[in-house]
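Please read all numbers here as calculations on a predicted model, not as lab measurements. By convention in this document, chain letters (A, B, ...) are assigned in the order of the sequence lines, proteins followed by strands, and residues within each chain are numbered from 1.
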2 protein chains.
Amino acid sequence: MSGPEVIPMPEEVPAGRTGKGEQTRALILETALELFRERGYEDTTMRAIAERAGVALGSTYYYFRSKEALIQSFYGRTHQEHLAAVGGVLADERTFRARLLGVMRAKLETIEPYHRFSGILFKTAADPESPLNPFSQESRPVREEATELFAEVVRGSEGLRVPPDLMAELPGLLWTWHMGIVLFWIHDRSPGRARTWRLMERTVELVARLVQLAGNPLLAPLRKLTLRLVRELRDDEAAPAGEADESGEVGGTRT
Amino acid sequence: MSGPEVIPMPEEVPAGRTGKGEQTRALILETALELFRERGYEDTTMRAIAERAGVALGSTYYYFRSKEALIQSFYGRTHQEHLAAVGGVLADERTFRARLLGVMRAKLETIEPYHRFSGILFKTAADPESPLNPFSQESRPVREEATELFAEVVRGSEGLRVPPDLMAELPGLLWTWHMGIVLFWIHDRSPGRARTWRLMERTVELVARLVQLAGNPLLAPLRKLTLRLVRELRDDEAAPAGEADESGEVGGTRT
DNA sequence: GTCTATAACCGGATAGAC
DNA sequence: GTCTATCCGGTTATAGAC
């Protein structure tokens, strides 16, 4: 199993496979998403997907390891879509605030059509065992890719003055913040997701100001303290301290 | 986590019921928790629970609406345990920092034995549809109860100087912060949950300092901005503006 | 070797007799 | 309030078709 959001199209087209299989695969996925949209995830049975797609139940399992895997696949799309949507902003905008805002707007717009699944999505994504979980080992590639996006936001920001220690951590911090926004979005029932938009726009402002203030001597102790914590947490994530789970995967037999 | 922890003991003892049913109910719950601890949630079947408890499968469903409901029940316990564990700290400690630290220590200690379930716990708790979800309507009572605990932390803190606008929001903000710690804990695989403890202790320090600094004029604009956001979000949570979820269009059309 | 189809299996949930 | 008999749907095994 590769990462959750999966790389562009790695194993989906293992070799020069012409087509029939690919088409069937796509057909099943489309049908599934269609049904998910129509009646939600729980009320869509694998049998129903197979039936409407005009294939046998077994076939759906040939192409997708599980029902959950169908979700993973569509997950990958939104990531690609987001990257695509963000290009213009990063090319045009030159201030940190505007770049950050643009990226997050694109994010919310990209994921909006899928709000209906978001429950089940996050349900599995929140499971520490699940490869979908954004903090999981399997997610590392995507996480890094996403963090890289924020790094790009920072890099292209003209006139941004940030202490080097903060600068080093900023992309990761922004990614974390952005996950918080998404978490809020998932639970947001307001029309048009108005609350999330407000939260996002206002916190962009706050983040921008905070970053500006970060150099102020008054805040230096606080900044140092915070960054030390951030580094520590990041570091012993990399080096798991205990050797107990060399399994390298879903360990967790220790109490 | 205090959110989901459901109501103290509402329907579990509907009246002064002494009898047989109560015992059976308790027996099933105990057996279930035992099995969950032994082999985890997923690998424990309802049939196995029934069998070891010496009752019929149907009986378990007589007492518990679902497998998930078994979790809800035990959830309630940790909340009670936390409240019990916290009494001493609140009585003894007089500084904000020490009180907050004590409460959070008790929290982590209380929930630790259940870390093994935490995945599944959070999985359901993260589902916006689930009543277990800490942000849900159903969770409001517990949420408020838990927030009240933080209000008590603040109230009993001697020499704490906080601007009134912040003071009003502080308990809610602390609750939110505490949920973040719990979220981290759920995903924490480090031995002894070392990373969570570090995060908790360090952020207690940060929070304490931040609260101290909040009165500083330099930070006033930031504080105002933040609190306005917090109030807005809280307010239109209370008055959901629209009543339907799927009603509106995407909010992100404003440019 | 790539794909499809059928027939189970397993476990959560429900119905209804006693 | 407790049981047995089912249902239902995700998942798997497997036989074969292309």
Side-chain angles (χ1 to χ4, degrees), chain A residues 1 11-29 31-33 35-36 38-73 117 120-121 123-124 127 129-132, chain B residues 11-15 17-29 31-33 35-36 38-73 117 120-121 123-124 127 129-132:
Chain A
M1 47 186 98
E11 50 168 346
E12 302 198 6
V13 186
R17 191 186 299 166
T18 7
K20 182 119 168 290
E22 270 317 295
Q23 284 181 11
T24 309
R25 184 196 176 82
L27 173 64
I28 292 170
L29 181 54
T31 309
L33 293 181
L35 280 168
F36 288 164
E38 273 178 40
R39 40 179 107 156
Y41 180 81
E42 304 282 1
D43 291 340
T44 300
T45 72
M46 291 297 272
R47 286 167 178 84
I49 294 169
E51 189 180 356
R52 185 180 291 188
V55 302
L57 175 60
S59 298
T60 67
Y61 280 96
Y62 179 79
Y63 289 105
F64 299 92
R65 248 181 307 282
S66 66
K67 193 177 178 184
E68 194 174 297
L70 282 163
I71 284 199
Q72 280 191 12
S73 287
F117 311 112
I120 182 65
L121 257 182
K123 214 169 144 173
T124 64
D127 181 356
E129 308 297 328
S130 167
L132 270 171
Chain B
E11 49 169 345
E12 303 200 6
V13 186
R17 190 188 300 169
T18 337
K20 184 130 161 279
E22 269 319 294
Q23 284 182 10
T24 310
R25 183 196 177 83
L27 172 63
I28 292 171
L29 181 55
T31 310
L33 294 182
L35 281 168
F36 288 164
E38 273 178 38
R39 40 178 108 156
Y41 180 80
E42 304 283 1
D43 291 340
T44 301
T45 71
M46 290 297 272
R47 284 166 177 85
I49 294 168
E51 189 180 355
R52 186 180 293 188
V55 302
L57 175 61
S59 297
T60 65
Y61 281 96
Y62 178 78
Y63 288 103
F64 299 91
R65 233 177 276 66
S66 67
K67 194 178 176 184
E68 195 175 296
L70 281 163
I71 283 199
Q72 279 192 10
S73 287
F117 309 118
I120 183 67
L121 263 180
K123 214 170 142 169
T124 64
D127 181 356
E129 308 298 328
S130 167
L132 270 170

Whole Å only: how far is the [atom1] atom of [X] from the [atom2] atom of [N]?
X       : N      : atom1 : atom2 : answer
A:Asp43 : D:dC8  : CG    : C1'   : 13 Å
A:Tyr62 : D:dA15 : OH    : P     : 18 Å
B:Phe64 : D:dT2  : CZ    : C1'   : 15 Å
B:Gln23 : D:dT2  : CD    : C1'   : 16 Å
A:Glu51 : C:dT4  : CD    : P     : 17 Å
A:Arg25 : C:dT2  : CZ    : C1'   : 14 Å

Worksheet entry | Distance-minimising heavy-atom pair for B:Ala53 and B:Leu27 | O-CD2, 3.4 Å
Discussion item. For a quick test of reading the model, state the closest non-hydrogen atom pair linking A:Thr60 to A:Ala50 and the distance between them.
Written reply: CG2-CB, 3.8 Å
Worksheet entry | Step-by-step side-chain contact (heavy atoms from CB on, under 4.5 Å) determination, B:Ile49 to B:Phe36 | CA-CA 9 Å; B:Ile49 294 168; B:Phe36 288 164; 4.3 Å; yes
Item to complete: Among residues two or more places apart or on two chains, list those pairs meeting side-chain hydrogen bond (donor to acceptor under 3.5 Å, both in side chains) that have a residue in residues 39-59 of chain A.
Response: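 Residue pairs passing side-chain hydrogen bond (donor to acceptor under 3.5 Å, both in side chains), neighbours aside: A:Glu34-A:Arg52, A:Glu38-A:Arg52.
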Discussion item. Strictly below 4.0 Å: does B:Ser59 bring a side-chain N or O up to OP1 or OP2 of D:dG1?
Written reply: no
Would you tabulate the pairs of protein nitrogen or oxygen atoms and nucleotide nitrogen or oxygen atoms of nucleotides 12-16 of chain C closer than 3.5 angstrom?
from: C:dG12; atom 1: OP1; to: B:Lys67; atom 2: NZ; distance (Å): 3.0
from: C:dG12; atom 1: OP2; to: B:Met46; atom 2: N; distance (Å): 2.7
from: C:dG12; atom 1: N7; to: B:Arg47; atom 2: NH1; distance (Å): 2.5
from: C:dG12; atom 1: N7; to: B:Arg47; atom 2: NH2; distance (Å): 3.3
from: C:dG12; atom 1: O6; to: B:Arg47; atom 2: NH2; distance (Å): 2.7
from: C:dA13; atom 1: OP2; to: B:Tyr61; atom 2: OH; distance (Å): 3.1
from: C:dA13; atom 1: OP2; to: B:Lys67; atom 2: N; distance (Å): 3.0

Worksheet item: About how many Å separate CG of B:Leu33 and CD1 of B:Ile71, when rounded to the nearest 0.5 Å?
Response: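 Going from the CD1 atom of B:Ile71 to the CG atom of B:Leu33 covers 9.0 Å.
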Discussion item. Among residues at least two apart in sequence or on other chains, which ones pass side chain to side chain contact (heavy atoms under 4.5 Å, CB included) with B:Phe64?
Written reply: B:Arg25, B:Ile28, B:Leu29, B:Ala69, B:Leu70, B:Ser73
